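These notes are about the structure you will find just below.
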Protein chains: 2
Amino acid sequence: MNILEKITQAKDTFSKSEKKVAEVILANPQTAIHSSIATLANMSDVSEPTVNRFCRRLNTKGFPDFKLHLAQSLANGTPYVNRHVDENDGPEEYTNKIFESTMAALDIARQSVDINTVNRVVDLLTQAKHISFFGLGASASVAHDALNKFFRFNVPVMYFEDIVMQRMSTMNSQVGDVIVLISHTGRTKSLVEIAQIARANDATVVGITAKNSPLGKECNYVLSLDVPEDTDMYMPMASRIAQLTLIDILATGFTLRRGNKFRDNLKRVKESLKDSRFSL
Amino acid sequence: MNILEKITQAKDTFSKSEKKVAEVILANPQTAIHSSIATLANMSDVSEPTVNRFCRRLNTKGFPDFKLHLAQSLANGTPYVNRHVDENDGPEEYTNKIFESTMAALDIARQSVDINTVNRVVDLLTQAKHISFFGLGASASVAHDALNKFFRFNVPVMYFEDIVMQRMSTMNSQVGDVIVLISHTGRTKSLVEIAQIARANDATVVGITAKNSPLGKECNYVLSLDVPEDTDMYMPMASRIAQLTLIDILATGFTLRRGNKFRDNLKRVKESLKDSRFSL
DNA sequence: TCAAGTTTGTAGTAAAATTACAACTTTAAC
DNA sequence: GTTAAAGTTGTAATTTTACTACAAACTTGA
């Protein structure tokens, strides 16, 4: 595991002085790898052995070894950690933290996506007679976004915020229709019902949701995303960004499957916006 | 550049003994980063100062610095690059490319955000009598998402997709109201008009848009995001992810400004969902 | 072959990291 | 409250590691 994440995670097990060291390192890891144990001790306002003990607590052989691990964490690839926003953070801190934890979440999500399912879902979507995107709460805007993308493909695509409309529309679904249900937790009752109605009508149900959730179990295909949520904020943040990225992937897969001529079509949709815009 | 590549490339400029060092390092770089200058000198059958000179020849400050560079080169993972999707990409390739370019875009966006403006906008929002979020097309779902977030704060917040509703609502705006207009290009005519109406009513207009665009010029505050768009796809992708992240930042700033008691409020909103969900 | 230049190693020095131990806190029990 | 035990932290000494200065040994070309 990335040592920066490890520090964040193990913060509670640290002693007072060790926490000081952790703070200084997390605040400026780039400086840390270029400092000696003495300067780092000074910056953290602790003694040199404390820094050394801090390093060992993280299962490194000592300070130089720790610096090596830190350097590797900082190397391009996985530079970002899911850093939680703190009460006392100023604008600069929370802005950077949110960007970084969003990137970190995407990185984790990427590793959890099942490519085969993506491929099969893209297949389904290209062959669908009708596509519907439904979500509620925070996932409603994701469904909304999906509408905006797939609508450009000149495919019959639907999106409703209203659960009654979602229900009525699903009642009329049939074989060949694909219904994409979006829910981070997969425990939204009314969406589970929609899934059941759809399957009773032999429509295909794709869930962008948690694998073993009540909703997940009702779906023909589940695209699950493991995303660490900052539960302190009591708001869905990273999860819906990951969902949106997944929508982008499905849309991209769709256009690639449809081939080159189809891309001209997209270009035309984009150009149709010209009149509603000021020219460059 | 990767220091391992650098060694291979600069091999010709090395002296006989330095080449020996290069060989040993290239043959087993993992061992090299965990060795002291003495052991490495021994393995290469040269003296310690030779190893040191070798390090300096590669523009490093010395042996420890060289090890740091080497460690970074060895760190696993590819950097976040904006890799464009290619016609012939399979599901695995385009999935990874989209995740990576989204992360790369966020990284670039992060560097372009003006923290001072973020801070001032958060200020405005916390003091606003009414907050409106308007966007069209792909930005509509971003505005939709903003509604979902700010609505939890128990603040009078509005969101319309319909330009007539947007217009009517803005007509009634007054001092102390904040209208957030979202548009990637900043060239959507009807949003520019909304901005003009709002300012005529002394409401404050915040644009999440391009700085020097027609819309940007009509705003009191502009939060601009430099995001590289994959224009090949003819679809907004990374831009709206960056916009959403910015919404997260504003929402977070808002809650932090409001303090601890307010967080309990958010918790209550979240708990109110319980009945609409299946329990764990 | 010899002188100028380069390369290399030896020995000493400086810096950095680690260890051992003592002083100081904290915690919990009485 | 007092006190003993456990845990934490810092000081000082020690060891390890890296670097510098300089001299010896090669190379090169006239």
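A, B, ... follow the sequence lines: proteins, then strands. Residue 1 opens every chain. Note that these values count all heavy atoms, side chains included, but never hydrogens, waters or copies made by symmetry. The structure displayed is predicted, hence computed values, not measured ones.
Following rounding to the nearest Å, A:Asp45 (CG) and D:dG10 (C1') show an atom-to-atom distance of 12 Å. When rounded to the nearest whole Å, the span between CZ of A:Arg53 and P of D:dG10 equals 8 Å. B:Lys20 places its NZ atom 12 Å from the C1' atom of C:dT7, with the value rounded to the nearest Å. One atom, CD of A:Glu18, and another, P of D:dG7, lie 13 Å apart when rounded to the nearest Å. Rounding to whole angstrom units, CG of residue B:Asn42 and P of D:dA18 are separated by 13 Å. Note: NZ (A:Lys61) to C1' (D:dT16) measures 13 Å, nearest angstrom. Rounded to a whole Å, the CD atom of A:Glu48 is 14 Å from the C1' atom of D:dT15. Computed from coordinates, the B:Phe66 CZ to D:dT17 P distance equals 18 Å when rounded to whole Å.
In this model, the phosphate group of C:dT6 is not approached by any side-chain N or O of B:Ser15 to a distance below 4.0 Å at OP1 or OP2. A close approach under 4.0 Å does not occur between any side-chain nitrogen or oxygen of A:Thr50 and OP1 or OP2 of D:dT8. Regarding contacts with the backbone of D:dT9, a side-chain N or O of A:Ser17 is found under 4.0 angstrom from either OP1 or OP2.
Side-chain atoms of A:Asn96 come within 3.5 Å of backbone atoms of A:Glu92 as a donor-acceptor pair (strictly under, hydrogens ignored). The closest donor-acceptor contact from the side chain of B:Lys129 to the backbone of B:Pro156 lies at 3.5 Å or more, if one exists at all. Panel note: side chain A:Thr209, backbone A:Ser183; a donor-acceptor pair is recorded below 3.5 Å.
B:Arg120 and B:Asn116 are not linked by any side-chain donor-acceptor pair at a separation below 3.5 angstrom, with hydrogens and angles left out of the test. For the residue pair A:Asp65 and A:Thr60, no side-chain donor N or O sits within less than 3.5 Å of a side-chain acceptor on the partner.
The listed nucleotides are D:dA18, D:dT27, C:dG9; the one nearest the side chain of B:Lys16 is D:dT27. In this structure, of D:dG10, C:dA17, D:dC19, it is D:dC19 that holds the atom nearest to the side chain of B:Ile37. Each of D:dC19, D:dT9, C:dT10 was ranked by its minimum atom distance to the side chain of B:Ser47; first place goes to C:dT10. Nearest nucleotide to the side chain of A:Phe63, out of D:dA18, C:dT18, D:dG10: C:dT18. For B:Asn52, the side-chain atoms get nearest to D:dC19 when compared with the rest of D:dC19, C:dT18, D:dA18.
Mapping A:Val46 and B:Asp65 onto DNA chain D by nearest heavy atom places A:Val46 closer to the 5' end of the strand. Between A:Arg57 and A:Pro49, the residue anchored closer to the 5' end of DNA chain D is A:Arg57, taking for each the nucleotide with the nearest heavy atom.
Across all strands shown, B:Val51 has no heavy atoms under 4.0 Å from either base or sugar-phosphate atoms.
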